[in-house]
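Encoded as structure tokens, the structure appears first; notes follow it.
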Amino acid sequence: MSTSGQQQFRYTQTPSKVLHLRNLPWDCSDEELVELCKPFGKIVNTKCNVGANRNQAFVEFADLNQAINMVSYYASASEPAQVRGKTVYIQYSNRNEIVNNKSPGDVPGNVLLVTIEGVEAGDVSIDVIHLVFSAFGFVQKIATFEKAAGFQALIQFSDVGTASAAREALDGRSIPKYLLPEHVNHCHLRISYSAHTDLNIKFQSHRSRDYTNPYLPVNPTAMEGLLQPVVGPDGEKKEPESNVLFASLENMQYAVTVDVLHTVFSAFGTVQKIAIFEKNGQTQALIQYPDLTTAAAAKDALEGHCIYDGGYCKLHLSYSRHTDLNVQAYSDKSRDYTVPESSLLAMQQASAVHAPPAVWHNPQSGPAQSSAGYGAASVPGQAPTSHSSSWNPNLLGGGSTFPLAPTRYPGHSYAPPVPGYPTAVNPPGSSQQINHNATGGRPFSVSQPFHPSTMPHAPYHG
DNA sequence: AGCACA
């Protein structure tokens, strides 16, 4: 029966690659330990603030000789080891490694391991994950998988700082409900660091993405949820995909304006055009994206969800058969975000004269909020170029709720990032007429048409 | 100034 070799001899200093440091400041940081010790070798682990007075620490070197170097040096150095002017006493630890200091998941890296609790793999799309984490910086890659721990995702940022900011802000938080299926009630994120530094993504698929390589082939066997239209429960309903979504809104307790739709649908990509109209007493809308993929992502993520808590303004999404809407560039029922900024400004001025701007009123907070908070991006009058493509992390955290607390969403404390407007303008004359309004009425009419000279596109003719 | 606890 041999012992581990670690005897309890207090006064016999068996060399160890772990050093015991005493008389440190009570709030000594890992960084200070590293600064003190790194001249002697590579530090693989630390544990500070140990002991009743929190004034002790352990430092583990990669190699025993490095620890010996340090002890030997200070045994005969003219100046003792010091932290903030305090003499630090250094001995070999009576253990051979630091145990239980930090789990590997606490060692910072640029890749986060995210466990999404309370959901199944199908409940949270990779687009939603991307959306949530893009708030903190460019997300390079995402890989999702199911393990015993549940549904997990590896999120790769370009640097540790961004990753740690995301972890700090999101660990323990929830993904906003309206980005999740209805049956999901709680969806907490548990975030640790992965040991990975660069994920190996082979395909763009429903479970992995490489945003640094848009030309990466799409895995033809893993397309579900990415491009394929959802096949209905009857297995028959196959609608041809389109870059334009047709939305019908149920239970319209609150007003849903162009701005609200723009904010919601911009979560998945650039929204080019929006039109809202009534048909048979039901509110409907068309939302145009530049491409089919974005539309599919938005459709999958938002179908069946309510814009407001309580089952209000429930979205039902299908693909429109239109590919390019012809809408008034700026009215209370439609918006064309592809028109040049100068034209838009001119239009806003025109509308200020003829029609009130479609500022959304928070139905639970009385008078219109003057767009306080981040969600102000889509309020008319703001310069489109001021739109940010990501959340401002400075506005994150602090509260117990998910990032951002715009006043725009009753019952929610979250707004998706609003990508900037595209600067490109669609070629004129390429539009199709909208035929969803079978009555032949004027679905997008506003009280006063704009002057033709200010219109980049021909006005819609019912 | 004197050895940590998942």
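Just so we're on the same page: letters track the sequence lines, and every chain starts at 1. For the numbers below, each heavy atom of this structure counts, side chains included, while hydrogens, waters and symmetry mates do not.
Partners of A/Glu35 according to the side-chain contact (heavy atoms from CB on, under 4.5 Å) rule, which considers only residues two or more places apart in sequence or in another chain, are A/Lys38. Scored by the ring pair (Phe, Tyr, Trp, His ring centres under 6.0 Å) test, A/Tyr92 finds no partners at all (sequence neighbours excluded). For A/Glu168, there are no side-chain contact (heavy atoms from CB on, under 4.5 Å) partners at least two apart in sequence or on another chain. Every salt bridge (charged side-chain N to carboxylate O under 4.0 Å, His left out) that A/Glu182 has, sequence neighbours left out, goes to A/Lys314.
The CG-P distance, from A/Asn96 to B/dA4, rounds to 16 Å in whole Å. Spacing between atom CZ of A/Arg95 and atom P of B/dA4 amounts to 6 Å, rounded to whole angstrom units. Put simply, CG on A/Asn94 is 10 Å from C1' on B/dA4, counting in whole angstrom units. Between the CD atom of A/Glu97 and the P atom of B/dA4 there is a distance of 15 Å, rounded to whole Å. B/dA4 atom P lies 21 Å from atom CG of A/Asp106, rounded to whole Å. Distance CG (A/Leu19) to C1' (B/dG2): 14 Å, rounded to an integer number of Å. Separating the CG atom of A/Leu24 from the P atom of B/dC3 is a distance of 13 Å, rounded to the nearest angstrom. Rounded to whole Å, atom P of B/dG2 lies 8 Å from atom CG of A/Asn23.
Tested against A/Glu60, the residues A/Ile98, A/Leu19, A/Ile43, A/Asn96 include a single side-chain contact (heavy atoms from CB on, under 4.5 Å) partner, A/Ile98.
For the ring pair (Phe, Tyr, Trp, His ring centres under 6.0 Å) condition, the pairs that include at least one residue of residues 25-47 of chain A, sequence neighbours left out, are A/Phe40-A/Tyr73, A/Phe40-A/Tyr74.
In terms of position on DNA chain B, the residue among A/Val50 and A/Tyr89 whose nearest nucleotide sits closer to the 5' end is A/Tyr89.
A heavy atom closer than 4.0 Å to some atom of DNA chain B occurs in A/Asn55, A/Gln56, A/Phe58, these being the qualifying members of residues 51-70 of chain A.
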